[in-house]
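For reference, the structure is listed below as structure tokens.
Just so you know, ligand 1 is whichever comes first in the structure, and atom 1 is the first atom listed for that ligand. Only this structure's heavy atoms are used, side chains among them; waters, hydrogens and symmetry mates stay out. Please read these numbers as outputs of a predicted model, since none were measured by experiment.
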Amino acid sequence: MCGIIGCVGRGAETLDTLVHGLSKLEYRGYDSAGVAMAGDGIALCKTAGEIDELRGALADRSLAGSVGIGHTRWSTHGPPTDGNAHPHQDCHGDVAVVHNGIIENYQRLRDELVGAGHTFTSDTDTEVVPHLIEDALEAGHDPEAAVREAVSRLEGSYAIAAVVAGTEAVFAARNDSPLVLGIDDGATYLASDVPAFRDFTDRVVYLADGEFARLDGDGWTVTDHSGDRVEKTVDTVDWDPEETGKSGYDHFMLKEIHEQPRALRQCLRGRVDEMAGSVDIDDLGDLSPTGVQFVACGTSYHAAMYGAHLFRDAGIPAQAFLASEYATATPPIGDALVVGVTQSGETADTLSALRAARKRGARTMVVTNTVGSTAARECDHALYIRAGPEIGVAASKTFSSQLAALNLLALGTTSTTDTREIIAALRDLPGDLQRVLDESAAEAVAETYVDSDAYFFIGRGYQYPVALEGALKMKEITYKHAEGFASGELKHGPLALVTEKTPVFAVVTGDGEQARKTVGNVKEVEARDAPVVAVTDGRSDVERYADHVLEIPETHQRTAAVLANAHLQMVSYHVANKLGRNIDKPRNLAKSVTVE
Ligand code: F6R
């Protein structure tokens, strides 16, 4: 997830407008940034780091040109370096392109272009686009047709903006990544999100998948893939510029919870072949570990517990360790793989455990959201979860994407009998999750229990890590006492804490033995007069003993965990909101914990 801006008609203020727009889009990515202005030629400036680095790089330069594009990056292909920062150019420096999304067929296109004599200067998938435009221009197409021709070769998700030397226009195309035009008198803008230009105009045109836009001195036009004009509605946004960055949500965390279906699509995109019933992930090679040790902290540890369960289900011995306790683990043996799960890739405890594993001769892998992070650089393999930037300190969408990525890892490195069933469940997961988010009764549950003394969460099997994560989220953002337990463990002591003032959230999915046993544990709770909130697909009879029900659609046990967790995230969010907590920056916490 990156941020794109384009602007036509601001004259001498064009560059400032672009940089201002990028600063409003920094929530979408902030590991490198750049701008390109088109006049007779292309003037370009880009740098690794946040927008302030770009401002510094621009301080002693003046970029000539009357139209321009800009980009703030969240790396997916290649680490955050000056060279990988956007815009990217063709061989002659006559074309500049910025891109958000993932071009799935980039390697094939790149091989073809290199074979035809093009020179590449970055590791990105994006760079194929300016070279394709270059070829189309050389074949005699005008710039607009050249962009259309180049885009017709792309597979995957993209929002693209391009400028061409000698043409006072910005060209854009969209497929599965957002793009919106901002319409003002005498000026037109293009961006990944409205905040980028909301300070200048409230009139917007949302592009749909498959549409192209041209912004020039005469205004704007939108066309389809064959160049036919598309009539668009100009909408008016009804929120203030101050709300920028959160896309209208009250908190980044709420926005990130709602971004989960999209983040999951990004995680799965191009990695699952449903027809063949197989999973294909770059950088895994032919890994087939004889055992797996997971190391992680906090939320990522809960994902690691889930990951270990996936491997055990496939008959591979696997265990999850708190990274800070890994020193006490039995050393990995034989072909064992040690997998660090860490959204930031910078958590000191996890880095230290991975280094210890390497010293013991193990192969290491990181499952992370952060390209170019220390863990990604140091491990033998990196599997990116592609969740996009997470600004809220408490992890939300990165947890769901970790679970999805761990499923891919397990499917890609082991053999299980129900691979097709799991792949189908993963395919349906983003849509199922959208339904859960749209219909969740979590706010009403939060309203009922906002004044409770403490909250307990129980689950078995794949739902045990969900219970732990539900409790962690509740603690972190509400500052209330919360504990998660394996359902069967409650009666071995913690039941003493259960009263009529302590709601128990029971995650019960499926109709097998695990569900039946958890329903038994729920009855024990009910007998102590504790309110019960069942998070369930309705296949067991837990609802009979529940005061409230948070429903999820029927799915595989593994994907049910992601859906159940979304309800629990929403409950914690709404309790915290009702208590007036600082949800995006809870007390005493940091997004990346770089001390042991
Ligand atoms: C919980 C949370 C922390 C992190 C933990 C590990 O919401 O954010 O518990 O999960 O500090 O961080 P990463 O995943 O970056 O290693």
With respect to [X], determine whether any N or O atom, backbone or side chain, lies less than 3.5 Å from an N or O atom of ligand 1.
| X | value |
| --- | --- |
| A395 | yes |
| T350 | no |
| Q402 | no |

Original post:
So, are R435 and D438 salt-bridged, with charged N and O less than 4.0 Å apart?
Top reply: no
Original post:
Should the pair K397-E390 be classified as a salt bridge under the 4.0 Å nitrogen-to-oxygen rule?
Top reply: no
Nearest-contact summary for [atom] - protein heavy atom, Å:
| atom | value |
| --- | --- |
| atom 15 (O) of ligand 1 | S344 OG, 2.6 Å |
| atom 11 (O) of ligand 1 | V593 CG2, 4.0 Å |
| atom 2 (C) of ligand 1 | E476 OE2, 3.4 Å |
| atom 13 (P) of ligand 1 | T347 OG1, 3.2 Å |
| atom 5 (C) of ligand 1 | C297 O, 3.7 Å |
| atom 4 (C) of ligand 1 | T299 N, 4.1 Å |

Subject >> Contact partition for E346 relative to ligand 1, non-hydrogen atoms under 4.0 Å >> reply: neither
Could you list the atoms of ligand 1 found under 4.0 angstrom from a heavy atom of [X]?
| X | value |
| --- | --- |
| S300 | 10 (O), 13 (P), 14 (O) |
| K473 | 1 (C), 7 (O) |
| V393 | 8 (O) |
| A394 | 7 (O) |

Original post:
What heavy-atom pair brings H556 and A425 nearest, and what distance separates the two atoms?
Top reply: CB-CB, 3.8 Å
Original post:
Yes or no on side-chain contact (heavy atoms from CB on, under 4.5 Å) for V571 and L550, after CA distance, side-chain angles and deciding distance?
Top reply: CA-CA 10 Å; V571 173; L550 296 170; 3.9 Å; yes
Original post:
Does one side chain, of E346 or T374, offer a donor that lies under 3.5 Å from an acceptor on the other?
Top reply: yes
Original post:
Can you tell me if T478 and K578 form a side-chain donor-acceptor pair at under 3.5 Å?
Top reply: no
**OP:** Just say parallel, tilted or perpendicular for the rings of H258 and Y249, cut-offs at 30° and 60°.
**Re:** parallel
Original post:
Going from CG on N100 to NE2 on H71, what distance comes out if it is rounded to the nearest 0.5 angstrom?
Top reply: 6.0 Å
Original post:
Taking V466 as the fixed residue, which of V562, L563, L568 is the one that meets the side chain to side chain contact (heavy atoms under 4.5 Å, CB included) rule?
Top reply: L568
